[in-house]
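Single-structure report; data block below.
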Amino acid sequence: MKKLLSCILTGVLAFGILPIFSYAAEADYSRFEGQGISLNVYNWGEYISNGEDDSLDVNAEFEERTGIKVNYTNFASNEELYAKLKSGGTSYDVIIPSDYMIAKLIAEDMLEKLNFENIPNFEYIDERFKNPEYDPANEYSVPYMWGVVGIIYNTSLVDEEEAQSWDILWDSRYIKDILMFSNSRDAFGIALKRLGYSFNTTDPEQLNEAADSLKEQKALVQAYVMDEIFDKMTGGEAALAPYYAGDFLTMSEDNPDLAFAIPKEGTNRFVDAVCIPKGSKQKEAAETYINFLCETEIALANCEYIGYSTPHAMAYEKLDEETRNNLVAYPGDEVLANTETFVNLPDEASELVKNLWTQVISTNTGDNKWAVPVLLLLAIAASVAINLWRRHKKKRDEALY
């Protein structure tokens, strides 16, 4: 999941009053009638309002208004999206990558320039999200959602204070109760930040140190996940997982024991934006789809359903006060000041990260036959100590009252 202009650090989004205007009422879709047009849309999983829980089915609404059929499929990571586009085996008309991947796709001439005459609702995107570092001239992308990465933890198993540092993801007390990102950029970002380095370092020594750290962590990891995290964390199958704030808000509705912490070392701040891949055969229809996503009521429906933070000024204004003041969805100045966005790494550094990640994933934690048993014994001892402390604390609290 990146990123906004540095001016977002000025504070939680605060928008001026804009004239209310519904492009839906004015849009003329008659030019698409009877043409049998289909759009292939490729998006993250769980990342659009789909009609469940009395929400608006955005794609069905678009099909009804325009007569354009939407073929909708999901990817789990930016790297998966890139590999699919690079292979050329499948043609897409609309994609929603993250900031650093957009920069990479632009650099490799893999995106179409947008005709903003077909996207008049772009005017409703807040100025703070326009002309971002990953697309400085705003030629290739329209912001869709933004957010931060943090640690999702089960409060019945993890204390709030302990969850305030990335170190907890390397804590042997939680052996096989830890989930980890299954994509290289997020995983390396966490390891680098824990070590005190930038997410965007190109220093081979620092990248190798991060890889060694991830290899050490592997014996503790239950699974490397992306969308699988929903079932595992809501079902109580794991105690800890780094993930995106918007998805935490969705998960917490199903499991009230879950909480979200932004580690003190700092975290990632990202933007996902809508783009058209090079070679789309339905560019005008794709731009119409992008414009549709920028209608106020559609942007609001998506924001409310998926829980991510909206860059759409009018949609933000229409959110209820509780959501606008939610510090997970819209963090304050102090938190945002301690965030960093991913940038497109130079080819040499990108290739090194790719190779090191392959080493991490292929590392056999059974190479040291004593590693897991020792860690398990340490975890059991720590668990016993924690339980004894909690019992003592409970008795002390009861005595006080």
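The figures here come from the full heavy-atom set of this structure, side chains too, leaving out hydrogens, waters and symmetry mates.
Side chain of Trp166 to main chain of Thr267: no donor-acceptor pair is present (N/O by atom type, distance under 3.5 Å, no hydrogens or angles). Under a 3.5 Å cut-off, the side chain of Asn154 and the backbone N or O of Ala239 do not form any donor-acceptor pair. Side-chain N or O atoms of Glu63 include one that pairs as donor or acceptor with a backbone N or O of Val70 at under 3.5 Å. A donor-acceptor distance shorter than 3.5 angstrom exists from the side chain of Asn115 to the backbone of Glu117, with no hydrogens or angles considered. For the pair Asn200 (side chain) and Thr341 (backbone), a donor-acceptor distance under 3.5 Å is present. Listed for the Asn121 side chain is a donor-acceptor partner under 3.5 Å among the backbone atoms of Asn291. Using modelled atom types, one side-chain atom of Thr339 and one backbone atom of Leu336 make a donor-acceptor pair closer than 3.5 Å. A donor-acceptor contact shorter than 3.5 Å links the side chain of Gln217 to the backbone of Leu169.
Rounding to the nearest 0.5 Å gives a distance of 11.0 Å between CG of Leu240 and CD of Gln222. In this structure, CD on Glu127 lies 4.0 Å from NZ on Lys130, to the nearest 0.5 angstrom. In this structure, the separation between CD1 on Ile151 and CG on Leu179 is 12.0 Å, given to the nearest 0.5 Å. From Ile68, atom CD1 reaches atom CD of Gln35 across 8.0 Å, with rounding to the nearest 0.5 Å. With values rounded to the nearest 0.5 angstrom, Trp146 atom CH2 is found 4.5 Å from Ser309 atom OG. One distance of note links CG of Leu114 with CD1 of Ile119; it measures 4.5 Å at 0.5 Å rounding.
Within a 6.0 Å radius of NZ in Lys278, more than 12 heavy atoms belonging to other residues, nucleotides or ligands are found. Surrounding CG of Asp320 are more than 12 heavy atoms belonging to other residues, nucleotides or ligands, all under 6.0 Å away.
Using a 4.5 Å cut-off on side-chain heavy atoms (C-beta onward), Thr310 and Leu319 make contact. Side chains of Leu207 and Thr202 form no contact here, defined as non-hydrogen atoms less than 4.5 Å apart. Taking the side chain as every heavy atom from C-beta outward, Glu297 and Leu300 approach each other to under 4.5 Å. Between Ser198 and Glu340, some side-chain heavy-atom pair lies under the 4.5 Å cut-off. Contact of the Pro277 side chain with the Met110 side chain is not registered, since no non-hydrogen atoms from C-beta on lie closer than 4.5 Å. Between Thr296 and His312 there is a side-chain heavy-atom pair separated by less than 4.5 Å. Ile262 is listed as a side-chain neighbour of Val148, based on a closest heavy-atom distance under 4.5 Å.
For Ser55 and Asp53, the side-chain atoms include no donor-acceptor pair closer than 3.5 Å. Residues Glu162 and Tyr153 have side chains that never bring a donor and an acceptor to within less than 3.5 angstrom of each other. Under the 3.5 Å distance criterion, with hydrogens and angles disregarded, no donor-acceptor pair is assigned to the side chains of Asn344 and Tyr134. Between the side chains of Thr201 and Asp203, no donor-acceptor pair of N or O atoms lies under 3.5 Å.
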Take Tyr47 and Asp272, measure what side chain to side chain contact (heavy atoms under 4.5 Å, CB included) needs, and give me the verdict at the end. CA-CA 11 Å; Tyr47 214 37; Asp272 298 324; 2.6 Å; yes
What do the steps show when you test Ile298 against Leu56 for side chain to side chain contact (heavy atoms under 4.5 Å, CB included), and what is the final call? CA-CA 8 Å; Ile298 301 303; Leu56 175 69; 3.5 Å; yes
Begin from the C-alpha positions of Ile276 and Lys283 and carry the test side chain to side chain contact (heavy atoms under 4.5 Å, CB included) through to its verdict. CA-CA 7 Å; Ile276 299 177; Lys283 186 171 181 290; 4.2 Å; yes
List the steps and the verdict of side chain to side chain contact (heavy atoms under 4.5 Å, CB included) for Asp135 and Ile106. CA-CA 8 Å; Asp135 184 8; Ile106 292 172; 4.0 Å; yes
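Listed by first and then second residue, the salt bridge (Lys or Arg N to Asp or Glu O under 4.0 Å) pairs involving residues 81-97 are Lys86-Glu108 (not counting sequence neighbours).
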Could you tabulate the donor-acceptor pairs under 3.5 Å formed by side-chain atoms of residues 249-256, not counting sequence neighbours?
from, atom 1, to, atom 2, distance (Å)
Thr250, OG1, Ile306, O, 3.1
Ser252, OG, Phe248, O, 3.2
Ser252, OG, Leu249, O, 3.0
Asn255, OD1, Asp257, N, 3.0
Asn255, ND2, Met233, O, 3.3
Asn255, ND2, Thr234, O, 3.2

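By the 30° and 60° cut-offs, the orientation of the rings of Tyr316 relative to Tyr330 is perpendicular.
A pairwise comparison of heavy atoms in Tyr305 and Ser49 identifies CD2-CA, 3.5 Å as the closest pair. Residues Glu265 and Ser165 approach most closely at OE2-OG, 2.5 Å, considering heavy atoms.
Geometric assessment of Arg185 against the ring of Tyr100 yields a positive cation-pi assignment under the 6.0 Å and 45° thresholds.
Taking the six-membered ring for Trp and the full ring otherwise, the centers of Phe181 and Tyr243 sit less than 6.0 Å from each other. Between Tyr308 and Tyr144, the distance from one ring center to the other does not fall under 6.0 angstrom.
Remark: Glu321 does not engage Arg324 in a salt bridge, criterion side-chain N to carboxylate O under 4.0 Å.
With sequence neighbours excluded, the residues satisfying ring pair (Phe, Tyr, Trp, His ring centres under 6.0 Å) with Phe75 are Tyr42, Trp44.
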